[in-house]
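Everything below concerns the one structure shown next.
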Amino acid sequence: MRSAAFPGKNANAADPEGAGLRYQEAHPMRWSQAFIPTLREVPAEAEVPSHQLLLRAGYVRQVAAGLYAHLFLARRSFLKIAQIIREEMNRIGGQEFYLPALNPAELWQESGRWETVDVMFRLKDRNQHDLCLGMTHEEEMTNIARGELRSYRQLPQIWYQIQEKFRDEPRPKSGLLRLRQFVMKDSYSFDLDDAGLDVSYRKHVEAYRRIFDRCGLKTLFVEAFSGMMGGSESSEYTAPTDAGEDLIATSECGYAANLEKAEAQAPPAEDPAGEALPEPFPTPGQKSISDLVKFTKESPARMIKTLDYIVESRPVVLLLRGDHELSETKLIMALGTAVFRLATPEEALRLHGAHLGSLGPVGLKGARIVADRALEGRRDLIAGANRDDTHLRHVTPGRDFAAEFRDLRVVAEGDLCPRCGKPLKLTKSVELGHLFKLGRRYSDSMHAMVLDAEGNEVPLRMGSYGIGLERILSAAAEQNHDADGMFLPPSIAPFDVVVTAANMENADVRAAAEKTYEELLAASVEVLFDDRQERPGVKFKDADLIGVPYRITLGKRKLAQGLAEIFERSTKQIQDVKLDAVTATLKARCLQ
RNA sequence: CGGGGCGUGGCGCAGCCUGGUAGCGCGCUUGCCUUGGGCGCAAGAGGUCCGCGGUUCGAAUCCGCGCGCCCCGACCA
């Protein structure tokens, strides 16, 4: 694959799983001339390790919130990441495109997303024409498909691009983890039917597995929420790291789901026996669940939390167990709409006849009541009485009020796995790639049809699949660093090796370093030669920082014995090698 | 959008409360010295103190209005 894309000296390297891009010709690079602006101190704005390291190692510089310049080292890594992705997309039959980032509003108006998506950058041209900067390209790809795809004979198709995406994020953050402009590999599959879509989807699942493995990342494959993309099924690859914003629920049996999607049973709560009827009791000033817990000495699992929402301008009352939290993502699924908001205190007062803190479902009129499943079958609970400073005890759902039971709550650590019943663990994680079965979502709204074998006009079945390149680099830095810096996986590191001359003033050391450098270059090893007039300590610190997997050190003492040192950054193991065996040894390791 | 923090040389910070010549460490330049883990000595260069307006004889410092960046929350293909 490498040889096809980059014919050259490496063409016959026996490396079908290759490390991605290799430069066709030797790329001489002396550190004294390279722009690698390393920083000794951590810039104050950087919080998460990957952000600190990418700044300190001279990979990137910030331009504005969520906008970063990729400097020399970052660019090299991104080219390698892109090439790995390219090879794996091509392997599953993908065809690389390149669409404009700037797009007309019309297509988005047609799909209906012009109104519903709020993180899109919009602008007008000199003729007051509405345009947007692409945050994804379903509309544009569908537009090409509907114009050109006519027959089932042309299917399936997988089209992809590696291209800039723009999002007017409410809060860019964490360095390269949440950006306003970023590079995405986005692909789109077009099939005749759902079975075909399944195949395209599974191909992507497999391609993504290979991509992230080759990039040296530890990932989880999880069930996900499809959100505003629409569609029926979605999953994602995420990289566990503390810098991640997503929480992933995992269990021993292999179940793994994004918290937005995760389902679970709450550990059972014990309710008293008996058929006591609701009975008001005074709770002066007790407004929150935690107030009530202290006041009644009952467990929060025995309370009903009442939340008022306005859903498409109608009131809906949501009920949750006292110790549970509402998932607005699940609420979207339960209600079938994302048009809702929390009711104002005034609206709640009007509906319940009581102020916030004493709201409850019993005797309530004029609102739909949706309760979380964890309340189903419970009895003798505590709820607001719809009278100020008063609650009810002995409230039993079903008997004392009617409700629809839906999954509404955020799963918590220790909840029971829906598959195996064992407790779930929660892990922070970075979303790297997302896969969506879109089905007819765009082909219906944009009328993308083909003829099937019987001559019937049928809508294309689509999938869309994204990978964030910056997140791959960031996650790699998050997962592979120590106090001294990064040790990036060799496949995505900007260089294979740094050659460090401990002392450039020493003629023998200098000559040996120059010779080693030339040899490695000739052998197509990607080598950065640290020829700077610096003290050895400075060079070692810098080499440790920038994430290059190996360092070859030439120093006068070992050189006198004809030896060089190979230092492996990730393990800090040092191996002494005869000077004339350096290239062969390294080549066996780096280009394996 | 709500809450909090911060803006002073390339980086990290002090100075602000109590107004009066803008400072420290690192980095940078030059020379000497040193050469296996950010060495030492000496001499230098480098700042619209985020911006605008106000108060004042005088503003980095006090007041007002903006802007930017970071963090928490909300939100998020």
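Naming: A, B, ... by sequence-line order, numbering from 1 per chain. The analysis underlying the following values was restricted to heavy atoms, covering all of them including side chains, and did not include hydrogens, waters or symmetry mates.
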Parallel, tilted or perpendicular for A/Phe121 and A/Phe166, by the 30°/60° rule? perpendicular
Can you tell me the Watson-Crick or wobble partner of B/C49, both distances under 3.5 angstrom? none
Given that A/Glu328 and A/Ala65 both sit by RNA chain B, which one's nearest nucleotide is further toward the 5' end? A/Ala65
May I have the distance from A/Leu39 (atom CG) to B/G9 (atom C1'), rounded to whole angstrom? 15 Å
Partners meeting side chain to side chain donor-acceptor pair (under 3.5 Å) with A/His51 (sequence neighbours left out): A/Tyr68
Just call it for A/Met184: base, sugar-phosphate, or nothing, with non-hydrogen atoms closer than 4.0 Å on any strand. base
Ignoring hydrogens and geometry beyond distance, is a side-chain donor-acceptor pair present between A/Gln575 and A/Glu565 at under 3.5 Å? no
I'd like to know if A/Arg551 reaches the base of B/G37 with its side chain such that a donor and an acceptor end up less than 3.5 angstrom apart. yes
Please report the distance separating the P of B/G44 from the corresponding atom of B/C49, rounded so that it comes out in whole Å. 25 Å
Look at A/Gln62 and B/G68 and indicate whether a side-chain polar atom (N or O) is within less than 4.0 Å of OP1 or OP2. no
Base, backbone or nothing for each nucleotide of nucleotides 26-32 of chain B, written B, S, -, heavy atoms under 4.0 angstrom, 5' to 3'? SS-----
NZ or CZ of A/Arg122 within 45° of A/Trp114 ring axis and under 6.0 Å: yes
Say you pick atom C1' in B/C28 and the same atom in B/G46; how far apart are they, in whole Å? 9 Å
With P as the reference atom in both, quote the distance from B/G10 to B/G5 in angstrom, rounded to an integer. 27 Å
Is the shortest distance from a Lys or Arg side-chain nitrogen in A/Arg532 or A/Asp542 to a carboxylate oxygen in the other one below 4.0 Å? yes
Within 45° of the axis and under 6.0 Å from the centre of the six-membered ring of A/Phe567, does NZ or CZ of A/Arg551 qualify? yes
RNA chain B: A/Asp542 or A/Phe182, which has the more 5' nearest nucleotide? A/Asp542
Provide, to the nearest angstrom, the distance between the CG atom belonging to A/Asp484 and the C1' atom belonging to B/G37. 9 Å
Between B/U18 and B/G53, how far is it from one C1' atom to the other, in whole Å? 25 Å
Expressed as a whole number of angstroms, how long is the span from A/Leu177:CG to B/C71:P? 10 Å
Any base atoms under 4.0 Å from A/Arg56, or only sugar-phosphate, or nothing? Heavy atoms, all strands. base
Quick check with a 6.0 Å cut-off and a 45 degree axis cone: is A/Lys165 positioned over the face of A/Phe182's six-membered ring? no
With A/Glu245 as partner, the option from A/Lys428, A/Glu431, A/Lys173 fulfilling side chain to side chain contact (heavy atoms under 4.5 Å, CB included) is A/Lys173
Inter-nucleotide C1' distance (B/C72, B/U34), Å rounded: 49 Å
Expressed in whole Å, how much space separates the C1' atoms belonging to B/G7 and B/G12? 14 Å
Using the C1' atoms only, state how far B/G19 lies from B/C57, rounded to an integer number of Å. 12 Å
Whole-Å P distance, B/C26 and B/A43: 14 Å
Hey, does the side-chain of A/Arg535 have a donor or acceptor N/O within less than 3.5 Å of a partner on the base of B/U34? yes
If I take atom CG in residue A/Leu342 and atom P in nucleotide B/C75, what distance separates them, rounded to the nearest angstrom? 10 Å
Summary of salt bridge (Lys or Arg N to Asp or Glu O under 4.0 Å) pairs that have at least one residue in residues 41-70 of chain A, sequence neighbours excluded: none
By the 4.0 Å heavy-atom rule, please label A/Pro43 as base, sugar-phosphate, or nothing. sugar-phosphate
Just call it for A/Lys539: base, sugar-phosphate, or nothing, with non-hydrogen atoms closer than 4.0 Å on any strand. nothing
Any strand counts, and the cut-off is 3.5 Å on both contacts for Watson-Crick or G-U wobble. Which nucleotide pairs with B/G58? none
Rounded to the nearest angstrom, tell me the gap between atom CG in A/Leu331 and atom P in B/A74. 15 Å
Regarding A/Thr553, tell me which of base, sugar-phosphate or nothing describes its non-hydrogen contacts under 4.0 Å with the strands shown. base
Paired with B/G73 by Watson-Crick or G-U wobble geometry, both distances under 3.5 Å: which nucleotide is it? B/C1
What's A/Thr38 touching, base or sugar-phosphate or nothing? Going by heavy atoms closer than 4.0 Å. nothing
Base partner of B/G19, which must satisfy Watson-Crick or wobble distances under 3.5 Å: none
